[in-house]
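Sequence lines set the chain letters: A, B, ... in the order given, protein chains first and strands last, and positions in each chain run from 1.
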Amino acid sequence: MSYDWAWHVVPRAFPALLRGLEMTLAVTAVVVVCGFALGTLVAAGRLARSPLVSKPVALYVEIFRGTPALVQLVWVYYCLPIVLGLELPSFASIVVALTLNVAAFYGEAIRAGIQAIPRDQTEAADVLGLGYLDKMRFVILPQAFRIIIPVALSQSISLFKDTALVSTLGVADLMYQARVLATETYRPIEILSTAALIYFAIAFPCTIATRILEVRLATARR
Amino acid sequence: MIRARGLHKRFGVLEVLRDVSLTVAPAETVVVIGPSGSGKSTLLRCLIGLETPEAGEVDIGGQPFIRRRSGDRGPLRRTAEFRRLQRQMGMVFQQFSLFPHLTVLQNVALAPVRVLGLPAEAARARARQLLAKVDLADKADAYPEKLSGGQKQRVSIARALALEPRIMLFDEVTSALDPELIHEVLSVMKQLATDGMTMVVVTHEMGFAHKVADRVVFMDEGSIVEEGPPAALFGAPRESRTRAFLEKVLTHI
């Protein structure tokens with residue numbers, strides 16, 4: 001059995017794929033920013049002294065880490081309007097769903113980074129009279145970020161690939177365009193391979209950069 | 001200057017402090033000695049509010065700092081008043097606990113800017129002065145990892161002094177140092193004592209206790225067994241436990 005490759009469809013498909021890539025990058029960027037902001041709050045909540053705060057936040061984290069991202073997307077898209085009577089545009093609803101998802105992961109990375117800082121740093125800051133926010137800003141977080149940044153970056157690279165899920169909800173990202181073109185051209189293998197290569201061409205250099213950064217941060221002053 | 005009454009502290013089933021009371025007069029240097037696990041460090045950490053005693057009281061400069069009755073739960077509340085009294089005390093730790101991501105100068109100048117509200121330039125000037133005092137003026141822009149243990153500990157002393165505390169607490173500050181570096185730290189502490197600083201020093205350096213202390217306190221199994229002027233306590237200890245301890249630490253091969 002032989003397959004007749006038809007790579008000539010690819011150049012014509014390229015402009016549409018790049019438009020899709022733009023959407024993929026936009027979704028990734030918005031979700032990274034919102035997710036990191038929410039993740040910081042999640043970490044603060046997990047570390048709160050009061051179990052009334054830390055327990056519900058822990059529950060949220062476990063729910064979003066313990067269910068498939070696709071289920072979360074579909075749930076926010078279809079069920080939220082029913083439960084809350086709130087109709088979101090599809091872009092907004094995928095941003096909400098993915099933000100809730102990655103914030104759980106970022107939150108855990110930030111919490112772990114903060115908890116990795118030796119206790120004597122907190123005590124030294126306490127006896128110097130630094131308040132909670134100053135202690136975080138000047139003593140704990142600058143040290144914790146060296147641990148957090150590589151983890152958060154690799155989670156962001158995963159997110160970039162996982163955004164392909166939004167194509168199932170009709171958002172015109174790279175994966176969506178690839179599926180449309182695959183159907184139009186009857187050439188799914190060529191088109192989807194191209195899409196895969198585009199994902200890889202972006203994710204792989206980022207992975208390498210993260211690894212270099214990780215080594216640099218690990219050997220930096222401490 | 002410090003008045004602690006009836007301090008009780010336990011870690012799980014282990015009773016670390018059993019009804020410890022200690023009063024320190026202004027400008028007095030009290031050295032606390034005793035075997036490992038006798039509760040010396042825990043006492044120091046209770047005085048400055050790093051540990052929460054189960055029961056007991058601490059007054060600083062005549063003002064109530066810690067009030068704990070048995071049955072009180074949860075950690076100490078770090079109210080504004082608590083922090084105001086806490087920073088009348090400076091503390092130096094065994095493991096230096098410098099901030100590794102800041103230069104020596106930034107380590108010393110951070111609290112004066114953030115806590116006392118000093119302008120950055122004034123705080124840096126004060127930090128330089130203090131570094132000169134501990135003989136480290138040339139290390140201002142170095143990072144802690146580039147310093148020897150003795151230098152780190154002197155920076156740590158300068159950092160604590162930057163808040164102009166009325167009391168200094170030293171928690172086994174020479175225990176992590178190479179023997180040849182101990183002297184440089186002790187001589188800074190001796191100078192402080194001579195200058196009239198109120199000090200509580202937990203240490204294994206009997207020579208320092210002998211020469212610098214106004215009063216030596218011997219602790220064992222969570223209690224103060226005996227206290228007195230160094231000449232009396234080292235020369236003629238009253239309690240058998242004190243004698244046994246001193247025989248062990250003072251008999252060198």
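- The contact list for residues 147-155 of chain A toward chain B, using heavy atoms and a distance under 4.5 Å, is empty.
- Other residues, nucleotides and ligands contribute only 12 or fewer heavy atoms inside 6.0 Å of the CZ atom of A:Phe14.
- Heavy-atom neighbours of chain B within the stretch residues 117-131 of chain A, taken at a separation under 4.5 angstrom, comprise A:Asp120, A:Gln121, A:Glu123, A:Ala124, A:Ala125, A:Asp126, A:Val127, A:Leu128, A:Gly129, A:Leu130, A:Gly131.
- Residue B:Pro75 touches chain A through its side chain alone, counting heavy-atom pairs closer than 4.5 Å.
- With a 4.5 Å cut-off on non-hydrogen atoms, B:Leu116 does not touch chain A at all.
- For residues 106-115 of chain B, heavy-atom neighbours of chain A at less than 4.5 Å comprise B:Leu110, B:Ala111, B:Arg114, B:Val115, sorted by residue number.
- When all heavy atoms are compared, the tightest approach of A:Phe138 to B:Leu102 is O-CD1, 4.4 Å.
- Of the atoms belonging to B:Arg78, it is side-chain heavy atoms, and not backbone ones, that fall under 4.5 Å from chain A.
- Proximity to chain A at a heavy-atom threshold of 4.5 Å picks out B:Met89, B:Met91, B:Phe93, B:Gln95, B:Ser97 from residues 89-97 of chain B, in numerical order.
- For B:Asp135, the CG atom counts as loosely surrounded, since its 6.0 Å shell holds 12 or fewer non-hydrogen atoms of other residues, nucleotides or ligands.
- Under a cut-off of 6.0 angstrom, the local environment of CZ in A:Arg65 is crowded, with over 12 non-hydrogen atoms contributed by other residues, nucleotides or ligands.
- The environment of CZ in B:Arg83 is crowded: more than 12 heavy-atom neighbours from other residues, nucleotides or ligands sit within 6.0 Å.
- Residue-environment remark: CD (A:Glu87) stays at or below the threshold of 12 foreign heavy atoms within 6.0 Å.
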